[in-house]
Peer 1: 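Have a look at the structure that comes next, please.
So you know, we letter chains A, B, ... as the sequences are listed, proteins then strands, and number each from 1. Computed from a predicted structure; not experimentally measured.
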Number of protein chains: 2
Amino acid sequence: MAADQEHVSRVEKRRRTEAAISDAARTQFAEVGFERTTIRSVASAAGVDPALVMQYFGSKDGLFAAVARQQKPHRRLLDATREGTPQAALDDLFEDLEDPVSRDALLALMRNCLTHEQAATVLRDDVMRHVHEAVASRIATPDAELRAALLGATLVGLSIGRYMLRIPGLAEASREDVERLLLPVLALLVEPAPQA
Amino acid sequence: MAADQEHVSRVEKRRRTEAAISDAARTQFAEVGFERTTIRSVASAAGVDPALVMQYFGSKDGLFAAVARQQKPHRRLLDATREGTPQAALDDLFEDLEDPVSRDALLALMRNCLTHEQAATVLRDDVMRHVHEAVASRIATPDAELRAALLGATLVGLSIGRYMLRIPGLAEASREDVERLLLPVLALLVEPAPQA
DNA sequence: CTTCCCGGTCAACGAGCGTAGAGTGAACGG
DNA sequence: CCGTTCACTCTACGCTCGTTGACCGGGAAG
């Protein structure tokens, strides 16, 4: 216990407090959504005063934007996604969903994308755009855009159904089983010439 | 104008007012979601006093439940869905999405299923359960449940991506193009033996 | 015509929310 | 050792919301 009594500099203290607020906000945005998350509940979970949250993040929307921006590490997987194969896209998604931080950051976007314009914009124009472009660029037929969009919509449906709606049969399934069934299906979606 | 001065009985008047409130509520729940829809805005759109909404529907949750229940007409398509083919499921979905009333009732469920427990329950246990059972019963392999759940998740992803997220390339695509690309894919998902 | 019923309105309460500004005490720099 | 900075707290404003109970007026019933 006394081990925590180490001296921490002011900047370090500030950094830790901001991180505590940000962690609490990310979790609550992901679990109960933007509207049901209150500045007060985030501050309480982080062990600070609500006014401090305002001081550090400006507003509730600013707090959400900060959390949404944390999803950026996902883009380190951008190179892998640039492959444009369903395998790479699915791997990216599952990898994101296994790390607690990027998982909650991504779920915060998805949970609120239907009721919060900013969440929808970030999800559509920042996250999905990458896989869309990578996939579409590998398809030669004129319906490439639609095929890529359908792949994105399917991955969104998978995430929502598995982690949020918790559809029976999908929520409990192993990642391996999901991949085994979904990969050939997504491959067919992306292949320009199904008849062969 | 004077044509509207016809005499209406009290029960008919009541019925029309309830319908006006219900219509306004369905539209707003579908378009801006449960939280951003206020009793006051619904009443205003219906041309009545907010207190009357409470008197007729009990509470805001009661109003939402009444709208969610209007999705039931969807089940007249249940017989078609019982076929358990992706074609039938997709036809059901598009048919629902083309009628303004059942369309908004379904979108109201989807829009709020991530932030409103009741919406999630109705969507999962009432709407999706039917297509799930119909599809799963036609699959002989032990992964039937997972395959059916993946189909349901895909259809949810399609609806969300096309009508709510409005993913570029998917929102503007014609129903025919979407069906042409998606049907063989869904068929592969539902087929127990992909290798052939 | 009188009486009751009922669709509909009005005004208001109480709670919870995002947010603002003044204040405090400890860590820092000189 | 002193003055400043800064992390952090306290209190409270103003707004919007769901919800309530008293009230009003016209149509139905006798």
Peer 1: Is any side-chain heavy atom of B:H132 less than 4.5 Å from a side-chain heavy atom of B:E145?
Peer 2: yes
Peer 1: Taking all non-hydrogen atoms of both residues into account, name the closest pair between B:A173 and B:V178 and its distance.
Peer 2: CB-CG2, 4.1 Å
Peer 1: Picking from A:V190, A:L188, A:T154, what satisfies side chain to side chain contact (heavy atoms under 4.5 Å, CB included) with B:V185?
Peer 2: A:L188
Peer 1: Side-chain donor-acceptor pair under 3.5 Å between A:T141 and A:D143, yes or no?
Peer 2: yes
Peer 1: Rounded to whole angstrom units, what separation is found between the CD atom of A:E12 and the P atom of D:dC6?
Peer 2: 17 Å
Peer 1: In residues 48-58 of chain A, what residues come within less than 4.0 Å of DNA chain D, judged by heavy atoms?
Peer 2: A:V48, A:D49, A:A51, A:L52, A:Q55, A:Y56
Peer 1: Specify the closest pair of heavy atoms between A:V42 and A:A24, including all atoms of both residues, with the distance to one decimal.
Peer 2: O-CB, 3.8 Å
Peer 1: Between A:E12 and A:R15, does any NZ, NE, NH1 or NH2 come within less than 4.0 Å of an OD or OE carboxylate oxygen?
Peer 2: yes
Peer 1: Do the side chains of A:E133 and A:R129 get close enough for a salt bridge, i.e. N-O under 4.0 angstrom?
Peer 2: yes
Peer 1: Let me know the distance between CZ of A:R14 and C1' of D:dT9, rounded to the nearest Å.
Peer 2: 15 Å
Peer 1: Quick check: any donor-acceptor pair below 3.5 Å linking the side-chain of A:R10 to the base of C:dA27?
Peer 2: yes
Peer 1: Atom NE2 of A:H116 to atom P of C:dG18: distance rounded to whole Å?
Peer 2: 11 Å
Peer 1: Measure up the B:F64 and B:F34 rings against each other and bin them: parallel (under 30°), tilted (30 to 60°), perpendicular (over 60°).
Peer 2: perpendicular
Peer 1: In whole angstroms, how far is the P atom of D:dT16 from the NZ atom of B:K60?
Peer 2: 15 Å
Peer 1: Bend angle of the helix from C:dC1-D:dG30 to C:dG30-D:dC1 from five-pair axes at both ends, rounded to 10°?
Peer 2: 0°
Peer 1: How many Å lie between CZ on A:F34 and C1' on C:dC17, as a whole number?
Peer 2: 12 Å
Peer 1: Does A:R175 pair with A:D91 as a salt bridge, N-O distance under 4.0 Å?
Peer 2: yes
Peer 1: Looking at B:K13, I'd like to know whether one of its side-chain N or O atoms comes within less than 4.0 Å of OP1 or OP2 on C:dG8.
Peer 2: yes
Peer 1: Below 4.0 angstrom, which residues in residues 38-46 of chain A have at least one non-hydrogen atom near DNA chain D?
Peer 2: A:R40
Peer 1: Could you give the CZ-to-P distance, from B:R36 to C:dG18, as a whole number of Å?
Peer 2: 12 Å
Peer 1: Using whole Å, what does the distance between atom C1' of nucleotide D:dC17 and atom CD of A:E35 come to?
Peer 2: 12 Å
Peer 1: Please indicate whether A:R180 has more than 12 foreign heavy atoms, meaning atoms of other residues, nucleotides or ligands, lying under 6.0 Å from its CZ.
Peer 2: yes
Peer 1: Could you tell me whether the phosphate oxygens of D:dC8, OP1 or OP2, come under 4.0 Å of any side-chain nitrogen or oxygen in A:T17?
Peer 2: yes
Peer 1: With no hydrogens and no angle check, do the side chains of A:E35 and B:T115 hold a donor and an acceptor under 3.5 Å apart?
Peer 2: no
